[in-house]
Chemist: 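Got a structure for you, questions after.
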Amino acid sequence: MSIKNEFQVHDYLSQLNKSQHEAVVNSHGASLIIAGAGSGKTRVLTYRIAHLLEKGVKPSQILALTFTNKAAREMKLRIATIVGDDVAKYLWMGTFHSIFARILRMEAKKIHYPSSFTIYDTTDSKSLIKSILKEMKLPDKVYKPGDILGRISSAKNDLITPNAYARDVNRMTADKAAQKPMVYEIYTRYMRHCFKSGVMDFDDLLLNTNILFRDNPETLLNYQNRFQYILVDEYQDTNLSQYRIIKKLAEKHHNICVVGDDAQSIYSFRGAKIENILNFRNDYPGYQLFKLEQNYRSTQTIVEAANSIIANNKGQIHKRVFSEKPVGSPIKVLKAYSDVEEGYLIANEVKEQILKQNCSYKDFAILYRTNAQSRIFEEAFLKRNFPYRIYGGQSFYQRKEIKDLLAYFRVVINPNDQESIKRIVNYPARGIGNTTMEKLEAQAIAEDKSIWGVLTTSPLATLNSGTQKKLSGFIQLMLRFMMKVTELNAYDLAVEVVTESGILKELHQDKSVESQGRIENIEELINAIKEFTSNKIEAGESPSLVHFLEEVSLLTDQDTNNDQDDNRITMMTIHSAKGLEFKNVYIVGVEEGLFPSPMSSDTEKQIEEERRLFYVAITRAEDTATISFAKSRYKYGEIKFSSPSRFIGEIDQKFLDISGIDLSSDSSTLAGIPTNRQSFNSPKFQRRESASQPKFNISNQSTSPVNFNFNQIGSKLIPGTRVLHDRFGQGTIISMIGNDNDKKAIIAFDNTGEKQLLLKFAKLKILN
DNA sequence: AACGCATATTTGAGT
DNA sequence: AATATGCGTT
């Protein structure tokens with residue numbers, strides 16, 4: 001058999017150390033693999049699956065669950081290089097959400113859902129909660145949609161249905177104490193609405209899987225038989241809902257392998273239970289334990305420093321992570337007086353390291369606690385023309401024009417999706433306004449139908465004939481699309497929707513740069529659909545829009561265009577850096593009040609999670625790690641002062657290089673770093689700091705910009721002129737439009753694309 | 001229905 | 001600070 005030869009060619013077992021080898025070949029029964037940071041976890045998982053396949057297990061009998069789509073894709077790819085794509089493609093490998101969405105679609109009838117159910121993202125859910133609040137006449141000042149969604153989400157992750165919620169004393173009293181006694185009622189209506197609309201949110205995908213298996217023993221049995229081997233990655237970050245699904249599926253064969261690291265559990269805020277990994281031994285008493293303790297990623301200094309941090313946590317699974325790589329350089333600690341200076345210092349460091357180490361931009365990562373911190377570094381790098389990529393924040397699929405188009409698709413597939421209908425009914429403008437929609441919604445509630453149901457089956461007596469005509473035009477338009485769902489593939493239908501709906505026309509009429517960008521985004525989406533369609537046709541799978549939507553709803557921007565070979569500095573939150581590695585890592589904003597986050601500083605448990613997050617951050621580094629903090633930073637437009645994070649003091653000082661810190665300012669501590677839990681919030685301390693704030697001249701001498709007053713020398717701004725903008729960096733003027741006070745320049749910026757700027761406000765500088 | 005101005009909210013991480 | 005929401009005006 002050709003598979004055998006493939007294995008011999010790769011000779012994968014010889015690439016493993018002893019404990020990795022054990023973890024790969026002992027593939028029967030229950031296994032717990034504790035994988036320290038950088039210990040070759042992915043390699044072990046990959047080879048374990050390859051090994052199973054070699055032993056004759058069919059790929060379709062293996063279920064492998066990962067945390068992100070990206071992890072699944074990469075692992076599948078690696079397995080494919082060993083066993084071939086024709087085998088690997090039959091593996092059930094993906095995130096919990098995508099795998100069980102797939103199963104739920106097949107089994108939808110059994111839980112009384114349409115198999116064409118659509119998936120709501122957080123924005124959709126919040127907007128639904130808003131309309132429920134309106135319906136219940138509750139103030140959204142008290143019942144903040146985000147908060148309520150969080151309560152609902154937490155209930156779902158704990159498998160608490162609305163009925164159980166009402167009986168849950170803890171939740172009910174907490175709601176009452178928070179002056180929000182109606183959460184239970186909102187939850188009930190939210191669930192009912194989703195069910196009637198044929199819609200699931202992220203948590204529903206897991207909750208409904210539990211319900212499916214609970215109420216349909218024969219279906220459960222079917223999947224228990226199918227999945228002879230189950231593997232779960234990042235087990236420490238599974239929630240109760242996920243845990244129960246796995247437990248049930250593995251009940252028959254007990255061939256369950258979970259991989260994780262309790263020291264890297266960082267998602268309890270969204271319901272993950274670290275207990276799942278800690279209690280594995282109780283769930284499967286005959287389990288085998290494998291510990292991967294050798295770190296192949298980082299220098300000894302980094303590994304030891306990380307160990308000294310995590311030693312502050314209690315109740316861990318004992319392990320001794322070590323490295324046999326060189327000792328490496330100490331962890332540099334940088335102090336900045338302001339957030340802006342922090343950006344400047346880090347940019348300097350990057351430049352210096354690039355020259356010293358002979359490495360390039362892609363070897364650097366800036367990791368922060370909150371997405372909002374990215375801006376400072378974006379500005380610092382733009383000024384110096386450093387290429388970078390920011391991950392997270394607003395993703396492609398969250399952009400307005402993309403959501404609009406996707407809403408069309410969703411309505412075509414599932415016309416009962418009310419939030420989507422509301423989104424598109426008057427986009428492009430059709431003269432169907434709020435009043436009309438409110439009447440329709442009221443009627444829908446009264447007749448217990450969806451809005452679409454009202455539109456297509458009820459007499460619209462309360463509306464005047466003009467409005468009725470407009471609505472009928474919309475209905476006819478959507479019906480035309482719906483009739484073509486099965487006949488056309490995703491691409492052809494998408495093209496038809498963009499043109500027939502008038503979206504494209506609308507955007508073309510608006511000549512602004514913004515709508516230019518929107519058209520480009522729409523084109524990008526259409527291209528993605530084209531690629532999806534041809535891939536599916538090639539693979540002999542269905543290229544319908546239904547399947548495209550399925551894939552897209554569970555995608556994040558982490559999963560899209562990840563060109564490894566383009567040479568940029570990476571900027572992301574520590575959460576999204578989990579699982580990644582970089583030669584040089586900069587952990588920024590390591591301050592009290594930011595990291596640990598004030599929202600996670602109430603209990604020691606929360607602090608421990610923040611500490612694990614810090615551990616994750618440090619262990620991303622291969623060669624060097626740098627920590628920085630700023631004494632002051634802007635928050636909500638106000639200057640806030642802060643002191644270095646307690647976590648810096650928790651690192652064994654012998655691993656730190658604090659020469660970058662000005663010792664003069666605070667003598668009572670080691671370079672201003674509290675070595676125990678003291679803080680520096682005394683007014684005296686703060687006043688002194690604010691008075692001594694230095695002004696830094698950040699302008700780059702080599703491109704020395706000339707200050708410029710547009711009224712006098714505006715005529716110098718002609719197409720082709722190179723200019724510098726504070727925020728967007730360098731660019732070339734494409735054209736000038738407007739007159740006098742409204743004069744604008746259309747500028748193609750090197751890093752951020754085309755922008756249209758009003759000269760009155762844009763502080764442009766001409767470059768020589 | 002589009003626009004302009006005032007006020008509120010965000011900055012807690014992501015499937 | 002930047003963006004979102006809301007209300008009143010055209």
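In what follows, chains carry the letters A, B, and so on, assigned in the order in which the sequence lines appear, proteins first and then strands, with residues in each chain numbered from 1.
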Chemist: Measure the distance from CD on A:E379 to C1' on C:dA2 and round it to the nearest whole Å.
Modeler: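 So the CD-C1' distance, A:E379 to C:dA2, works out to 12 Å.
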Chemist: Nearest to the A:Y634 side chain among B:dA2, B:dG12, C:dA1, which nucleotide is it?
Modeler: C:dA1
Chemist: Which sits closer to the 5' end of DNA chain B, A:E609 or A:R430, going by the nucleotide each is nearest to?
Modeler: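 Comparing both residues, the 5'-ward one is A:R430.
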Chemist: Nearest-Å distance, CD (A:E638) to C1' (B:dT10)?
Modeler: 13 Å
Chemist: Think A:R612 forms a cation-pi with A:Y615, using NZ or CZ under 6.0 Å from the six-ring centre and within 45 degrees of its axis?
Modeler: no
Chemist: Hey, does the side chain of A:T573 come within less than 4.0 Å of B:dG14's phosphate (OP1/OP2), counting only N and O?
Modeler: yes
Chemist: From OH of A:Y427 over to C1' of B:dA1, roughly how many Å is that when rounded to an integer?
Modeler: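 To the nearest whole Å, that distance equals 15 Å.
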Chemist: Nearest whole Å is fine: how far is B:dG14 C1' from A:D203 CG?
Modeler: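 Between C1' of B:dG14 and CG of A:D203: 11 Å.
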Chemist: Just the rounded figure in Å: distance from P of B:dG14 to CE of A:M572.
Modeler: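 Answer to the nearest Å: 10 Å.
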Chemist: Measure the distance from NZ on A:K126 to C1' on C:dT3 and round it to the nearest whole Å.
Modeler: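 In whole Å, C:dT3 C1' and A:K126 NZ are 14 Å from each other.
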Chemist: Could you go through A:D417 and A:S197, starting from their C-alpha distance and side-chain angles, then the distance that decides it, and tell me whether this counts as side-chain hydrogen bond (donor to acceptor under 3.5 Å, both in side chains)?
Modeler: CA-CA 5 Å; A:D417 180 340; A:S197 312; over 6 Å; no
Chemist: Base of B:dG12, side chain of A:Q606 - is there a donor-acceptor contact under 3.5 Å?
Modeler: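 A donor-acceptor contact between them is absent.
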Chemist: Please check if the number of heavy atoms outside A:K180 that lie under 6.0 Å from its NZ is greater than 12.
Modeler: yes
Chemist: Rounded to the nearest Å, what distance is computed from the CG atom of residue A:L133 to the C1' atom of nucleotide C:dT5?
Modeler: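 Going from A:L133 (CG) to C:dT5 (C1'), I get 15 Å.
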Chemist: Would you kindly check if the NZ (Lys) or CZ (Arg) of A:K578 is within the cone defined by 45 degrees around the ring axis of A:F67 and under 6.0 Å from the six-membered ring centre?
Modeler: yes
Chemist: With the side chain of A:R375 defined as its heavy atoms from C-beta on, choose the nearest nucleotide among B:dG12, C:dA2, B:dA13.
Modeler: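 Looking only at heavy atoms from C-beta outward on A:R375, the closest nucleotide is C:dA2.
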Chemist: Under 4.0 Å, heavy atoms only, any strand: does A:D121 hit a base, just the sugar-phosphate, or nothing?
Modeler: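 It contacts nothing in the nucleic acid.
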Chemist: Within the 4.0 Å heavy-atom criterion, would you say A:K144 contacts the bases, only the backbone, or no part of the nucleic acid?
Modeler: nothing
Chemist: Just to be sure I understand the rule, does A:I119 reach a base, reach only the sugar-phosphate, or reach nothing, if contact means heavy atoms closer than 4.0 Å?
Modeler: nothing
Chemist: Would you state whether a donor and an acceptor, one from the side chain of A:S600 and one from the base of B:dG12, lie under 3.5 Å apart?
Modeler: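 Check passes, donor-acceptor contact within cut-off.
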Chemist: Check every atom of C:dT5, B:dG12, B:dG14 against the side chain of A:R270 and return the nucleotide holding the closest atom.
Modeler: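 Nearest to the side chain of A:R270 among the choices is B:dG14.
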Chemist: Side chain of A:K130 only, heavy atoms from C-beta on: which candidate in B:dA1, B:dG12, C:dT5 is closest?
Modeler: C:dT5
Chemist: Could you tell me how far apart A:K640 (NZ) and B:dT10 (P) are, to the nearest whole angstrom?
Modeler: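 In whole Å, B:dT10 P and A:K640 NZ are 15 Å from each other.
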Chemist: Against A:F100, only a single residue in A:T95, A:T209, A:L205 fulfils side-chain contact (heavy atoms from CB on, under 4.5 Å); can you say which?
Modeler: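 The option that passes is A:T209.
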Chemist: For A:Y267, report the nucleic acid contact type (base, sugar-phosphate, nothing); a contact means any heavy atom under 4.0 Å.
Modeler: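 Answer is sugar-phosphate: A:Y267 comes under 4.0 Å of backbone atoms only.
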Chemist: B:dA13 base stacked by A:F269? Criteria: ring centres under 5.5 Å, plane angle under 30°.
Modeler: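 Aromatic stack with B:dA13 present for A:F269.
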Chemist: Checking contacts here: which listed nucleotide (B:dT11, B:dG12, B:dG14) is nearest the side-chain heavy atoms of A:S576?
Modeler: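 Of the options given, the side chain of A:S576 lies nearest B:dG14.
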Chemist: Give me the distance, rounded to whole Å, that separates B:dG12 from C:dT5 when you measure between the C1' atoms they each carry.
Modeler: 22 Å
Chemist: Nearest to the side chain of A:N371, heavy atoms from C-beta on, is which of B:dA13, C:dT5, B:dG12?
Modeler: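 My answer, after comparing the listed nucleotides, is B:dA13.
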Chemist: Take A:E342 and A:R633 through the test salt bridge (charged side-chain N to carboxylate O under 4.0 Å, His left out) and record every step on the way to the result.
Modeler: CA-CA 10 Å; A:E342 186 185 34; A:R633 80 171 57 241; 3.1 Å; yes
